[in-house]
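Structure first, commentary second.
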Amino acid sequence: MDKEQKTPQIIEFDIRGQLCPATLLIALKELNRCKEQLHNGEIQLVFKTDNRDATITIPDAAENMGYGVEVRRVDNYYLLVVEQGHS
Amino acid sequence: MKLGERLRGVVDNLSGAGEIQRLVAENDLLRERERLAYVYVRSKVNQLLRVMGTLPLRAEELNDSTLLELDPIGIIADAFAQVLDHLNDTNDKLKLANDEIQAILTAANVGILVLDAEMKVQAFNPKLREMFLPAGIDVIGSACSEVLCGQDIPPADCTFAKVMASKIGLQRQEWALKGCHYDVAAAPIKNRFGEITHAVLVYNEVTDRKRMMESLQESEEMFRTLLENSRDMVQGVTPDGTFLYVNRAWRQALGYGEDEIDRLTIHDIIHPDCREHCLGFFQALLSTGKGGEIEAVFVSRDGTTLPVKGNVSCNFRDGKPLVTCGIFHRADVGQSCL
């Protein structure tokens, strides 16, 4: 029987106003800090950014680290949702 | 050293001025070393950031003290550790997938050939070697046309060329090579830009099947000729009463053309006085499979009665009646059921 899937806790970071590479470093720091919980599907990290470069650098880096990433456009900023990777 | 200079040195040491000078020089040296250390750290951080695909650090964004505080090298090193873990995990999965594919290729009872876009052989399974390739000769990197077709230039109907031109998979029936026949399925492999990088061709030998089909066709043709030229009336009737086959003697005796047979049923040619007897026999034949001799009276297209005598049997498939076969000849009136 499949394990019961819990809804992951969402942890949000507002990094609007920050530019690359600071945005990437902040995101990587959090991805390192929370890697166990991310891999276990316990949490989702959501980064709010208005830096267009970050919509490429953060998803690329996170996917290379094995996470699933979704980029959503919301009004005048972006939401980058990083979660457990799909095996 | 002159005496005057030596005396000045002794006086300076006594006053501490020499020690101050030495400390100032040492302090300058340490400052320079620290500056060079920050330059080195920044250059290495920028190198790592470039690897991560982002921009270098700007001095105004991160001064020297916050540079150490943030520890970007530590952050990126930890990120690289995760990247490496993920790559190792991916490699394990790829190895498993590769092993599975190799097992499938080895077990497959069809020949499988992988070509690159230049038509060069990249991989093949044991069955393909058994089908086409001489044992023990390495053909990886050789042109497919040389290896399979035995010619420098691909043939005009080359399956690989068709896949490259159409950019889609295709299937080909009964491709012939050196007296053998193959059903060929071919599919392109594309990169993320939609360009074909490889093509996979699957060969299923159908020589035996083709020969069997030809033999069956010949056999069927022979029996059809025999039946067509028979003086007896031959008919094949399905369980619903329609005609599957009637021979020339049957058509001539009852006056129907070939194109009219599809519209007829057994009821149309049996005389009303004989119908109960004949249809009873027909139903018993379908349910029990027990055939035998029968007398009947057929009615021709122009209404003429035709007493017949013959033999009827039934073929079954999976326990269900498939077709009844009847062979009749004209009978004397006294011999019919009228």
Side-chain angles (χ1 to χ4, degrees), chain A residues 8 11 13-71 78 80-87, chain B residues 37-101 103-104 191-193:
Chain A
I11 304 175
F13 301 90
D14 191 344
I15 51 174
R16 284 178 289 183
Q18 302 261 25
L19 299 173
C20 274
T23 48
L24 178 63
L25 287 172
I26 292 167
L28 290 180
K29 189 175 179 180
E30 297 308 324
L31 291 178
N32 291 332
R33 191 175 61 82
C34 304
K35 68 177 182 182
E36 297 299 334
Q37 295 154 291
L38 273 168
H39 280 302
N40 294 337
E42 293 166 16
I43 60 167
Q44 278 185 346
L45 300 187
V46 178
F47 298 95
K48 280 184 181 176
T49 178
D50 48 11
N51 176 20
R52 196 175 164 77
D53 287 341
T55 64
I56 296 167
T57 56
I58 294 174
D60 278 359
E63 280 169 357
N64 285 334
M65 293 157 84
Y67 299 114
V69 186
E70 189 184 341
V71 180
Y78 301 94
L80 310 180
V81 182
V82 182
E83 60 188 1
Q84 183 184 33
H86 305 292
S87 54
Chain B
Y38 278 119
V39 168
Y40 177 79
V41 170
R42 274 186 190 278
S43 75
K44 289 294 135 187
V45 168
N46 287 339
Q47 184 184 0
L48 293 172
L49 288 171
R50 271 198 301 278
V51 174
M52 294 300 286
T54 189
L55 298 170
L57 286 170
R58 286 177 293 272
E60 68 272 19
E61 191 175 27
L62 219 57
N63 62 29
D64 288 346
S65 62
T66 47
L67 179 68
L68 291 184
E69 200 177 303
L70 179 64
D71 185 23
I73 291 180
I75 291 173
I76 297 173
D78 287 348
F80 279 164
Q82 288 203 61
V83 171
L84 283 175
D85 283 347
H86 178 55
L87 284 176
N88 285 333
D89 191 35
T90 305
N91 280 343
D92 288 345
K93 286 175 184 162
L94 284 174
K95 188 179 179 312
L96 178 64
N98 185 53
D99 290 348
E100 287 171 352
I101 289 171
I104 291 167
N191 63 18
R192 62 196 174 106
F193 305 111

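Numbers restart at 1 for each chain; the letters A, B, ... are given by sequence-line order, proteins then strands. The shown structure was predicted, so the numbers you read here are calculated from the model rather than taken from an experiment.
- At least one donor-acceptor pair closer than 3.5 Å links the side chain of A/Asn32 to the backbone N or O of B/Ile75.
- For chain B, the nearby parts of A/Leu28 are the backbone and the side chain; heavy atoms of each come within less than 4.5 Å.
- Once rounded to the nearest 0.5 Å, the distance linking CG of B/Asp89 with NE2 of A/His39 reads 9.0 Å.
- Contacts between A/Gln18 and chain B at a heavy-atom distance below 4.5 Å are absent for every atom of the residue.
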Please evaluate residues A/Leu25 and B/Ile76 with respect to the criterion side-chain contact (heavy atoms from CB on, under 4.5 Å), reporting the C-alpha separation (whole Å), side-chain torsions for both, the decisive distance (0.1 Å), and the verdict.
CA-CA 8 Å; A/Leu25 287 172; B/Ile76 297 173; 4.0 Å; yes
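- A/Asn64 pairs with exactly one of B/Val83, B/Leu87, B/Leu84 by the side-chain contact (heavy atoms from CB on, under 4.5 Å) rule, that one being B/Val83.
- What you find for A/Pro21 and B/Pro56 is that their closest heavy atoms are CD-O, 3.6 Å.
- Across B/Asp78, B/Leu49, B/Asp71, the residue that shares the most heavy-atom pairs under 4.5 angstrom with chain A is B/Asp78.
- Neither the backbone nor the side chain of A/Ile26 comes within less than 4.5 Å of any heavy atom in chain B.
- Looking at A/Asp53, the atoms closer than 4.5 Å to chain B (heavy atoms on both sides) all sit in the side chain, from C-beta outward.
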